[in-house]
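Each remark here refers to the structure printed beneath this line.
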Amino acid sequence: MRTPVVIIGAGPAGLLLGQLLSRAGIDNILLERRSPDHVLGRIRAGILEAVTVEALERAGVAARLRAEGLPHHGIELSYAGERHRIDLQALSGRHVVVYGQTEVTRDLMAARHADGTPTVYEAEGVSLHDCDGSAPMVRYRKDGVTHEIACDYIAGCDGYHGVSRASVPASATRLFERVYPFGWLGVLAETPPVADELIYASHARGFALCSMRSRTRSRYYVQVPSSENVDDWSDARFWDELRSRLDPHAAQTLVTGPSIEKSIAPLRSFVCEPMRFGRLFLAGDAAHIVPPTGAKGLNLAASDVLYLSEGLIAQCRHGNASLLDAYSERCLRRVWKAERFSWWMTSLLHRFPDADAFSARIQQTELEYLMSSEAACRALAENYVGLPH
Ligand code: RFL
Ligand code: PHB
């Protein structure tokens, strides 16, 4: 078998890249370790930046997003029992859209299936060969049979734990990492959201976030220590803890119900430089991780593959390597800005177990400054809605 581009991983990065390439007439084969149902069962991000919406439009998969996505023009910060609205639209001229990663993935999978673009789900033992040579090859097993695909380029879109980054020799990359001493316990529930906009709450008991997937489906998170076990969290315990971290009005109006999904996600900042090794290009979580406080993970994955599609199209259609050569540098400029913002939001809103009295006062002062300064709110808004490409 031979194809110009092999894509590893059917998350948003891999599926969106496949769609952008297919629409430009570039054949690609996508290999995914899991089943489609497993991929769609993972509850993750929920906020799309305007540039992500534009990328999905360019890929021809934005019809349902346009009909069902909820435009949000502001967010609220909750601190010391009070809520402070940040008017994203007024401060930045742009807004974000609430539309779950699961739905983005579903739309992309449906488009790929309708086009008949080759996709191998439950591909086992994927391995990458000769990435830094002139004839890369990907090997995998399906139903006990080994297959090989010769290609020109490999897109490593297989997430943080994938095989792509692991295939690059350690001496060829530089890794930057920060692991936070806490995670997010998340609950999805078929209940109306507590407010019209997202509430990011800083509280003495820890951070909490009130988000949503629709007008009838809520997504809530509370900060928990890294050592916490999800089995120790009954629904009742979760709702009590969330309520205790909200302002009095939100606490009173919170509608609770049985959880549909409950899980703990660790928080990490991570960047792999460069994002290219020969003919292998890393994109999305395979190359970088942000803590979810800035709602940037999915959006960064989309902006990476936008750059990668431009590079691959220029190379495969016009023999022009300049955009592909600039891929890593273009991505990393945007990635580091999102890393900074996500780290800053995380530092601002969470309780750090080892924080001394000085750090606690600085954090408190930073929040008070934000609540009283339009300039500070504008800086937050500009980053939250997404920096331009
Ligand atoms: P994904 O979505 O992880 O997709 C990677 C895909 O590659 C497959 N794969 C392999 N396939 C073949 N062979 C192998 N050896 C493979 N190894 C892995 C996987 O099965 C998977 O289908 O990465 P992608 O496409 O880069 O997309 C990135 C986003 O998913 C990610 O940035 C965000 O979801 C991050 N994230 C969140 N971001 C937010 O903005 N808000 C959130 O609330 C939020 N919650 C989360 C998250 C990430 C989580 N992870 C990674 C554990 C919650 C969790 C639990
Ligand atoms: C979510 O809805 O899952 C969500 C929203 C905003 C974030 C993180 C997660 O910052």
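Remember, it's 1-based here, ligands and their atoms both numbered in the order they're listed. These numbers come from the heavy atoms of this one structure, side chains and all, not from hydrogens, waters or symmetry mates.
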Location of contacts on Thr293 toward ligand 2, heavy atoms closer than 4.0 Å:
backbone
Ligand 2-proximal atoms of Trp184, by part, heavy-atom distance under 4.0 Å
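Contact part for Trp184 vs ligand 2: side chain (C-beta onward).
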Can a cation-pi geometry be assigned to Arg276 and Phe281, taking NZ or CZ under 6.0 Å from the six-membered ring centre and within 45° of the ring axis?
no
Quick one: is the NZ or CZ of Arg33 closer than 6.0 Å to the six-membered ring centre of Tyr140, and within 45° of its axis?
no
Specify the protein heavy atom at minimum distance from [atom]: its residue, its atom name, and the distance to 0.1 Å.
{"atom": "atom 3 (O) of ligand 2", "answer": "Tyr221 OH, 2.6 Å"}
{"atom": "atom 6 (C) of ligand 2", "answer": "Tyr200 OH, 3.3 Å"}
{"atom": "atom 2 (O) of ligand 2", "answer": "Ser211 OG, 2.6 Å"}

Using a 3.5 Å distance criterion without hydrogens, assess whether the side chain of [X] forms a donor-acceptor pair with backbone atoms of [Y].
{"X": "Asp158", "Y": "Ile8", "result": "no"}
{"X": "Ser342", "Y": "Glu339", "result": "no"}
{"X": "Gln363", "Y": "His350", "result": "yes"}
{"X": "Ser226", "Y": "Pro181", "result": "yes"}

Using a strict cut-off of 4.0 Å, indicate which atoms of ligand 2 neighbour a heavy atom of [X].
{"X": "Ile47", "answer": "5 (C), 6 (C)"}
{"X": "Arg44", "answer": "3 (O)"}
{"X": "Leu198", "answer": "5 (C), 6 (C)"}
{"X": "Ala295", "answer": "6 (C), 7 (C), 10 (O)"}

Does either side chain, that of [X] or that of [Y], offer a donor lying less than 3.5 Å from an acceptor on the other one?
{"X": "Tyr307", "Y": "Arg334", "result": "no"}
{"X": "Glu261", "Y": "Ser263", "result": "yes"}
{"X": "Asp356", "Y": "Ser359", "result": "yes"}
{"X": "Arg178", "Y": "Tyr180", "result": "no"}
{"X": "Asn28", "Y": "Thr117", "result": "no"}

Looking only at N/O atoms, are Pro292 and ligand 2 under 3.5 Å apart anywhere?
yes
Would Arg213 count as a polar contact of ligand 2, with the cut-off being nitrogen or oxygen pairs under 3.5 Å?
yes
Under a 3.5 Å threshold, I'd like every N/O contact between ligand 1 and protein atoms, with atom names and distance.
unit_1	atom_1	unit_2	atom_2	d
ligand 1	2 (O)	Arg44	NH1	3.0
ligand 1	3 (O)	Arg44	NH1	2.9
ligand 1	11 (N)	Arg33	N	3.1
ligand 1	20 (O)	Glu32	OE2	2.6
ligand 1	20 (O)	Arg42	NH1	3.3
ligand 1	22 (O)	Glu32	OE1	2.7
ligand 1	22 (O)	Glu32	OE2	3.3
ligand 1	22 (O)	Arg42	NH2	2.6
ligand 1	25 (O)	Pro12	N	3.3
ligand 1	25 (O)	Ala13	N	2.9
ligand 1	26 (O)	Asp285	N	2.9
ligand 1	30 (O)	Arg44	NH1	3.3
ligand 1	30 (O)	Gln101	NE2	2.7
ligand 1	32 (O)	Asp285	OD1	2.6
ligand 1	32 (O)	Asp285	OD2	3.3
ligand 1	32 (O)	Gly297	O	3.4
ligand 1	34 (O)	Gln101	OE1	2.7
ligand 1	43 (O)	Tyr221	OH	3.1

